[in-house]
Amino acid sequence: MSAAQIATRLFKGTPRPPGPVGLPFLGPMWAYQKDPLAFMLDAKHRYGDVVFTRFAGFGAYLVSSPDGIEYILRTNRDNFTKSALIERFRVVLGDGLLTSSGPLWTRQRKLIAPAFHHKRVQSYVEAMTDVIDRHLSQWRPGDREVTQDMMRLTLDIAVRTLFGTATGDASERVGRALETVVDYFAETLSYPLPIPLSVPTPQNRRFLGARDELFDVVQRIIREKRKSPDGDDLLSMLLALEDEDGQGMNDQQLQDEVLTLLLAGHETTALTLTYTFDLLARHPEEERALHAEVDRVLADRTPTLEDLSGLVRVEQVVKESMRLFPPAATLIRQAQADDVVLGWPVPKGSLVVLPQWVTHRDARWFESPDDFKPERWTKALEEQLPRYAYFPFGGGPRICIGSAFAMLEARLAVAMIAQRYTLARLDDRPLDLQASITIRPRNGLTMRAELRR
C-alpha cells in the first residue's frame with residue numbers, strides 16, 4: 001500500500017500531531033511573529049519531533065527529526081515542493097534556481113552545475129583573497145558596523161567572481177539596490193496578504209525602483225559579456241554552457257540565475273561571518289585558539305588553496321557558527337498529495353517546516369547543544385551524525401548549489417580577518433535577531449576592531 005493510500009485511511013478519525021492551538025482561525029500567529037525562533041524551539045521541546053499548528057487557517061507541520069527531514073527533502077522529495085511563499089521572489093528572480101521547479105529547474109540545475117564543480121570553485125581563491133585584502137586595507141581600528149562590513153565584502157566577492165573585474169560601478173549600484181530588495185522581502189514575507197505591488201505605496205515604489213536598477217545593471221553586463229565572452233568569471237562560463245541539445249541560456253534566463261546567485265549568496269555568507277566573529281568575541285579561549293592556528297599556518301602570508309588543509313580550526317569555527325546561527329532558520333515545503341511523515345498523516349496542501357534552528361540544537365545529536373564548541377567538528381562526529389542533523393545549506397537535489405563556494409569564501413575571510421584584527425564586543429547583551437528570509441541582527445552589530453599586527 002502506498003504512503004498516500006495509508007494517509008487517506010489514517011485521515012479518517014486519526015488525530016493530528018500535538019501542537020500549540022492559539023486563537024480561533026489565527027492560531028498561535030502572534031506568539032510566532034513575536035519570536036519565531038523561540039516559538040519553534042518551545043514547540044519542539046513541548047510536543048516532539050512532529051508538531052502541528054494552524055496559522056490563519058493553514059495547517060503547518062514542524063518536522064525537526066533528521067529521519068523526517070530526509071524523507072521530505074530526499075526520499076519522497078517529489079511530493080514536497082517549494083511552498084507558495086517562494087512565488088513572491090519571482091518578481092525579482094524570475095525562473096532562477098531558487099524559484100523554478102519541474103523540467104525547467106532540472107535543466108537549469110544540470111546546466112549550471114559545472115560552474116560550481118569543486119575545481120572551478122577552487123579557482124576563485126585568488127580573486128576572493130584579493131577582494132578581502134582590499135577591504136581590510138581600508139579598515140581602521142575602532143568601532144565598526146560588522147554586519148555592513150561583511151555585506152559589502154561578500155557582495156564585492158560575488159560581483160568579482162560573477163562578472164570579473166571590468167564592472168565599473170556595478171558593485172556599488174548592485175549593493176544599494178540589493179539592500180532595498182532584501183529589506184522589502186524581510187519586512188513583507190511574514191504578511192499573509194502583502195499589499196500588491198501595483199499599489200504605489202512608498203515601500204512598493206522603493207522596491208520596484210531597486211528591482212529595475214538590478215535588472216538594468218545585470219542586463220548591461222550580460223550584453224557586454226556576449227560581445228567579449230572570454231573570461232574566468234562565472235558569467236563567462238554560464239554564457240558558454242550548453243545542454244545536450246546544444247542550447248544555452250537566453251538573456252532572461254541568465255539574468256534570473258545571476259540575480260539568484262547574488263541575492264541568495266552574498267547575504268547568507270555575510271551573516272555567517274557576522275555571527276562567527278560575535279561568537280569568537282564571546283569566547284576568548286576559542287578566539288585565541290583560532291589566532292594561534294592562523295599565526296602558525298599563515299604568519300603574514302595571504303592564504304592559498306594549499307593552506308586551507310592546515311586551517312582546521314578555521315573550518316571548525318565556521319561550521320559551528322552555522323550550527324548555532326544557520327543563515328536561514330527554516331526550509332518550507334508544501335505537500336502535493338496526501339502523505340505520511342514519521343507515522344503522522346500530512347494532507348495535501350499542508351505546509352511542512354524544517355527548522356535548522358531547532359534540529360541543530362538537539363541534544364541527541366550535539367552534546368551541550370547551546371554551547372559554542374568548534375572542536376566538536378571532528379571526522380568521528382561527522383561520520384556518526386544522522387545525515388540531516390546538520391543541514392545549513394538544505395539537502396536533497398535542491399541543496400544549495402553554491403555551498404562549496406560559500407564555505408571557501410567564509411574560511412578565507414575568517415582567516416584573513418583574524419590575521420590582522422580582533423573584533424571585540426562593546427557589551428554582553430544577547431543579539432536581537434530578526435527571522436525572515438534569513439536570521440539577521442535586527443539592529444546590526446557594532447564591534448571594536450583592534451589591530452593584532
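Within the 3.5 Å criterion, the main-chain N or O of H266 finds a donor-acceptor partner in the side chain of T154.
Between atom CZ of residue F372 and atom OH of residue Y275 there is a gap of 14.0 Å, rounded to the nearest 0.5 Å.
The 12-atom threshold is not exceeded at CD of E126, counting heavy atoms of other residues, nucleotides or ligands nearer than 6.0 Å. At most 12 heavy atoms of other shown residues, nucleotides or ligands fall within 6.0 angstrom of atom CZ in R46.
A salt bridge between R206 and D183 is absent, with no side-chain N of the basic residue lying under 4.0 Å from a carboxylate O of the acidic one.
For the pair R323 and F366, the cation-pi test (distance below 6.0 Å, angle within 45°) is passed. Relative to the ring axis of W139, R420 does not place its NZ or CZ within 45° and under 6.0 Å from the centre. Annotation: cation-pi geometry satisfied between R361 and W357 (NZ/CZ under 6.0 angstrom from ring centroid, within 45° of ring axis).
Under the rule for a salt bridge (Lys or Arg N to Asp or Glu O under 4.0 Å), D35 has no partner lying at least two apart in sequence or in another chain.
By the 4.5 Å heavy-atom criterion applied to side chains, H118 and F116 are not counted as neighbours.
Using modelled atom types and a 3.5 Å distance limit, the side chains of Y388 and D67 yield no donor-acceptor pair.
In this structure, F207 has its ring center under 6.0 Å from that of F185.
Heavy-atom minimum distance, V358 versus K44: CG1-CG, 3.5 Å.
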